[in-house]
Amino acid sequence: MSRRQYPFHLIEPKWQQRWEAQQTFRAWNPGDSVPASHPFGVRHQLAGKTPAASELPPKFYILDMFPYPSGAGLHVGHPEGYTATDILARYRRACGFNVLHPMGWDSFGLPAEQYAVKTGQHPRKTTEANIANFTRQIRSLGFSYDWTRELATTDPDYFKWTQWIFLQLYNSWFNPETNKAEPIETLTYPAELKLIVEDWKTITLQRAHDDHSTPEADDEFRKAAQKAMNEEVEQSRRAYRDSKRLAYVSEAPVNWCPELGTVLANEEVIDGKSEVGGFPVIRKPMKQWMLRITAFAERLLADLDTIEWSDSLKEMQRNWIGRSEGAFVNFTVDPVVWEGKPIHQGAKDTITVFTTRPDTLFGATYLVLAPEHPLVELIAPDNSVEWANICNYRAEIASKSDLERTELAKEKTGVFTGAYAINPVNGEKIPIWIADYVLASYGTGAIMAVPAHDERDFDFAKKFNLPIVQVVQPPDDKTDWQGFCDEGTAVNSGNAEIALNGLPTKEAKAKITTWLESKGLGKKTVNFKLRDWLFSRQRYWGEPFPIVWKRDEAANLYHEALPESALPLLPPALDDYKPTAEGQPPLARAKDWLTLPDGAIRETNTMPQWAGSCWYYLRYADNKNAAAFVSPQAEGYWMGTASSPSPISQTPSPKPTPGVDLYVGGTEHAVLHLLYARFWHKVLFDLGHVSTAEPFFKLVNQGLILGEDGQKMSKSRGNVVNPDDVLKEFGADAFRLYEMFMGPLQDVKPWNTRGVEGVYRFLGRVWRLFVDEKAETDYEQAETVTSGTGSTKALLEIIKLGAAIKDEPATPAQLKALHACIKKVTEDLDALRFNTAISTMMIFVNEAMAWPMKPWSVLRDFLLLLAPFSPHLAEELWEKLHALRADPAGIPSLSYAAWPQFDPARLVEDTLEIPVQVNGKLRDVIRVPAGATNAELEEAAKAAEKAQFFLAGKTVKKVIVVPKKLVNLIVA
RNA sequence: GCGGAUGUGGCGAAAUGGCAGACGCAGGGGACUUAAAAUCCCCUGGCCGAAAGGCCGUGCGGGUUCGAUCCCCGCCAUCCGCACCA
């Protein structure tokens, strides 16, 4: 396949340059001045004006997931989603929307930093080179991005605002009363910390009424009170405040990779090894910044019902959030006594467990604590064999990697602590164990074990010979109650005060919980799997925290936010990007940067890569704003619901939707990015910075594109397809078309180069539908003669349209073909069915090729349908088509021409082909007038020639007539 | 183990209660050509049949229905998440 189907190598650069020069796809904000010549202004009568939001057409925000510009460049998977969104962006523009369709770079990241560690080259240089390569590749595909809105997370003008949003989080707390994030100033302090702020006024007032009070004495008292506040209470108040902030510091175990000398994010650890290099990763406790996403768990869950995401994606988020209803139950520790005295400190302690099955409390025959549980030290008898066992067991657990811990999960392990607790419902003395099947980080880190009705407890009890007591009767008598974990009926569950026997599980749960609450033994509660977000990384190439550390008078370290005026806080210059020898983050190497004149020390952690991608969609709305992360006007227009639906499209217009109207990307971000971004958005919403509760209204996951061998594309398999190669041979239009023709956007599907040839041939047919054969030959000769050096303009001018194209009325058959195509393509685009839209256009072209006369107007409308898919070819043919008319007003813009409307009147058939079934089996097809009545249909069906054999000698018992569709004759 | 998705010709797929396989690829035949490429036309699910035509066929087994690729129940397979979350 060497001969080109059509000169895409001339056409594509030509139009890309034209769009660039004209800024054709620039999206206009409220308050922007639209130049007189811009086709958007021409279309909407806004040329030369400065429209307000209410004067602009309705908005449509179509967003691609933020790419990380890797050194490897694009592979054919990336442009799948980009092509889909570009087609829709162009379609919505044609429908009359003001379309926001931006692109930018999630450019912080580990690879550039690792390259810097190895070579000493600043990560910014690597990053810039990679961005340049991505930009070139993406631009070569002719996407209609508004490049004036391009942004990169590594740009100080951008991360200034990432840091600013961090300060919003830092300066906020979650008010459980209002269920919202609020400024930290609204935090109310517990009584003992309130004294100075509020009560000292009362005290001085009281003193004012005191006969002995004098102004001097009052003043002295005030000073004393303030001093007391400063010295004694402020520390506590600060500690309290800091413990409530949405961004807080905690000592948490992190993934430390000694080999790489860095901490890794969970997502960078695969099966207990580093994703890069495959080195072992251990858990190590370190001081970390955390974000209080758990406070929003309930809303993150509930609001999923307000957005249009796929069920599977919503389900993944629900699972990740992991809400479960249950109860806390308190067990008292039974003192272990030696010679009349308890021999452990925790003798009077209470162990609180979380359970989703409080109804099984009577069957709790032992307790299990996580090995790390802080009470373990206190309850184990002093100097006992058990304590020695605990120490050994803990050491064993600590030495295991996460991988080993999960691999060995099948065989339960654990040791007895030597201590006992009292089951509050039956007073039984039950042993307390520790085992690593109980996680320290979930619930209370302690469980009540009900071996009869919990699989894990059952395994454990069998292994260690612990008692198994039935408290639930399965609904089915044949089911063994041992290990039965579903709902049933409570049995063996009663004491003098409460009886659950005979109650279904649900009712038993409610009854026991109420009883426990009334006795102060427990509490109904909701627990989440979601953990707070570990937000710091020991890296160089990330946003530095706008935080400094100071010491109070007692020499305790505390943190303080930098003022907004200190932003952006840039990372310091370094010669060496490795962590320090002591394991401090790389930023600690910058001694001058580290210490401020007042002695404060800067935070040396940086933010994770997720930070920048948490809010980029907001910045696109107003990316040049130096005074705010986004202006309220721009945010309100693009993310709000102010605009009205388009009157243009015939299919039901999309309703104005809150937030991004359509977000397309891979499933790999199903939980992390999409959960983090929703969280930030809700905080910004609560604080009044954005106008919607959810950022992404509709979200579609494109399916993975596999290699030609049906395997996932990877360098090691050698099956990676580089778009550059495909473009060279077939052009961007064919590439785009094939990406969409392969199958449904959401499906996983293999690449097939022969398939590209197929759609490429289709574009060739489109070309030949328009172009004169003789002119085509002349052009080819001219190109051969100049051997590629001829000017694009001169060469393309040789090409003339065919003489069969005439500005004459179309025949009814031609109009029918066109309108059927308009209808189907329009409906398919609204439903994101690109593959069937393309096959519809193929059918149209196959038919139109045979027309002796090709009406100008029909070809024009067809080009409008093709344009979103293969815009370069459509533009070129559009230009030539309009040149035929020599309209003094010039050639109208294809990109802003109105989407064609289909006329249902053109689609009506005079006669219909109706299948005739006998007993549900197809026997014949009859032709009837479109207006035939049911009776006429029945009559014609009974007379159908090929049906006679099957009707002979039988009586027709029943006739099913589906108007315009089918007749089914039922015979005995 | 749990959750989700998918299963249709040689291949990518279409049809989502009403003519299964549109459209494209691959394959076969023909036209044009000195020849090839390109292009254009025809055929192309399986089985039986010379043909007309018939029978079978949407992972498997049941069900609902005049009629099921489509809806319901039970399996199987593949892919993707999550995974001792009490």
(request) Report the distance from atom CD1 of A/Ile321 to atom C1' of B/A83, rounded to the nearest whole Å. (result) 17 Å
(message) Among B/G18, B/G81, B/G4, which nucleotide has an atom closest to any side-chain atom of A/Ile960?
(response) B/G18
(request) May I ask you to check whether A/Asn752 and A/Tyr738 show a side-chain donor-acceptor distance below 3.5 Å? (result) no
(request) Going 5' to 3' through nucleotides 40-57 of chain B, assign each nucleotide B (protein heavy atom under 4.0 Å from a base atom), S (under 4.0 Å only from sugar-phosphate atoms) or - (no protein heavy atom that close). (result) S------------SSSS-
(request) Whole angstrom is fine here: how far is it from CZ in A/Arg531 over to C1' in B/A83? (result) 12 Å
(request) Can you tell me, in whole Å, how much space there is between the P of B/G81 and that of B/C43? (result) 45 Å
(message) Side chain of A/Gln5, heavy atoms from C-beta onward: which of B/A86, B/U39, B/A15 has the nearest atom to it?
(response) B/U39
(request) Measure from the side-chain heavy atoms of A/Ile970 and tell me the nearest of B/C66, B/G12, B/G4. (result) B/C66
(message) Between A/Tyr738 and A/Ile914, which residue's closest nucleotide on RNA chain B lies nearer the 5′ terminus?
(response) A/Tyr738
(request) Could you give the distance separating B/G29 and B/A36 at their P atoms, to the nearest angstrom? (result) 13 Å
(message) Under a 3.5 Å threshold, yes or no: a donor from one side chain and an acceptor from the other, between A/Asn527 and A/Ser324?
(response) no
(request) Using whole Å, report how far NZ of A/Lys774 lies from P of B/U39. (result) 22 Å
(message) In terms of relative ring orientation, are A/Phe834 and A/Phe869 parallel, tilted or perpendicular, with 30° and 60° separating the classes?
(response) perpendicular
(request) Report the nucleotide, chosen from B/C23, B/G3, B/A15, that has the shortest atom-to-atom distance to any side-chain atom of A/Met842. (result) B/C23
(message) Would you say A/Trp767 and A/Glu776 are linked by a side-chain donor-acceptor pair, where the criterion is simply a distance under 3.5 Å?
(response) yes
(message) By nearest atom, which of the nucleotides B/C19, B/C84, B/A22 is closest to the A/Glu913 side chain?
(response) B/C19
(request) Kindly point out which of B/C19, B/C82, B/A86 is positioned nearest to the side chain of A/Trp320? (result) B/C82
(request) Specify whether A/Phe8 and A/Tyr760 have parallel, tilted or perpendicular ring planes, treating 30° as the upper limit for parallel and 60° as the lower limit for perpendicular. (result) perpendicular
(request) Taking atom C1' in both B/U65 and B/A50, compute the distance separating them and give it to the nearest angstrom. (result) 40 Å
(request) Using the P atom on both, measure B/C70 against B/U6 and round to a whole Å. (result) 13 Å
(message) Side chains of A/Thr836 and A/Asp828: any donor to acceptor distance under 3.5 Å?
(response) yes
(message) Measuring from the side chain of A/Ser839 (C-beta onward, heavy atoms only), which nucleotide among B/G24, B/A86, B/A22 has the closest atom?
(response) B/A22
(request) Measure the distance from CZ on A/Phe834 to C1' on B/A13 and round it to the nearest whole Å. (result) 17 Å
(request) Could you state the atom-to-atom distance from CD of A/Glu776 to C1' of B/U39 in whole Å? (result) 12 Å
(message) Nearest to the A/Asp436 side chain among B/C84, B/G18, B/A15, which nucleotide is it?
(response) B/C84
(request) Starting at atom CG of A/Leu466, determine the distance to atom C1' of B/A86, rounded to an integer number of angstrom. (result) 16 Å
(request) Output the single nucleotide from B/A14, B/G12, B/C66 whose closest atom is nearest the side chain of A/Asn968. (result) B/C66
(request) Return the orientation label for the A/Phe464 and A/Phe460 ring planes: parallel under 30°, perpendicular over 60°, tilted otherwise. (result) tilted
(message) Reading RNA chain B from 5' onward, which residue's closest nucleotide shows up sooner: A/Lys958 or A/Asn319?
(response) A/Asn319
(request) Specify whether A/His453 and A/Trp481 have parallel, tilted or perpendicular ring planes, treating 30° as the upper limit for parallel and 60° as the lower limit for perpendicular. (result) tilted
(message) I need the CG-C1' distance between A/Leu706 and B/U78, as an integer number of Å.
(response) 12 Å
(request) Considering only atom C1', compute the distance from B/A13 to B/A86 and round it to an integer number of Å. (result) 46 Å
(message) Checking contacts here: which listed nucleotide (B/A14, B/A13, B/C84) is nearest the side-chain heavy atoms of A/Tyr437?
(response) B/C84
(message) Can you measure A/Phe762 atom CZ to B/A22 atom C1' for me and round it to whole angstrom units?
(response) 15 Å
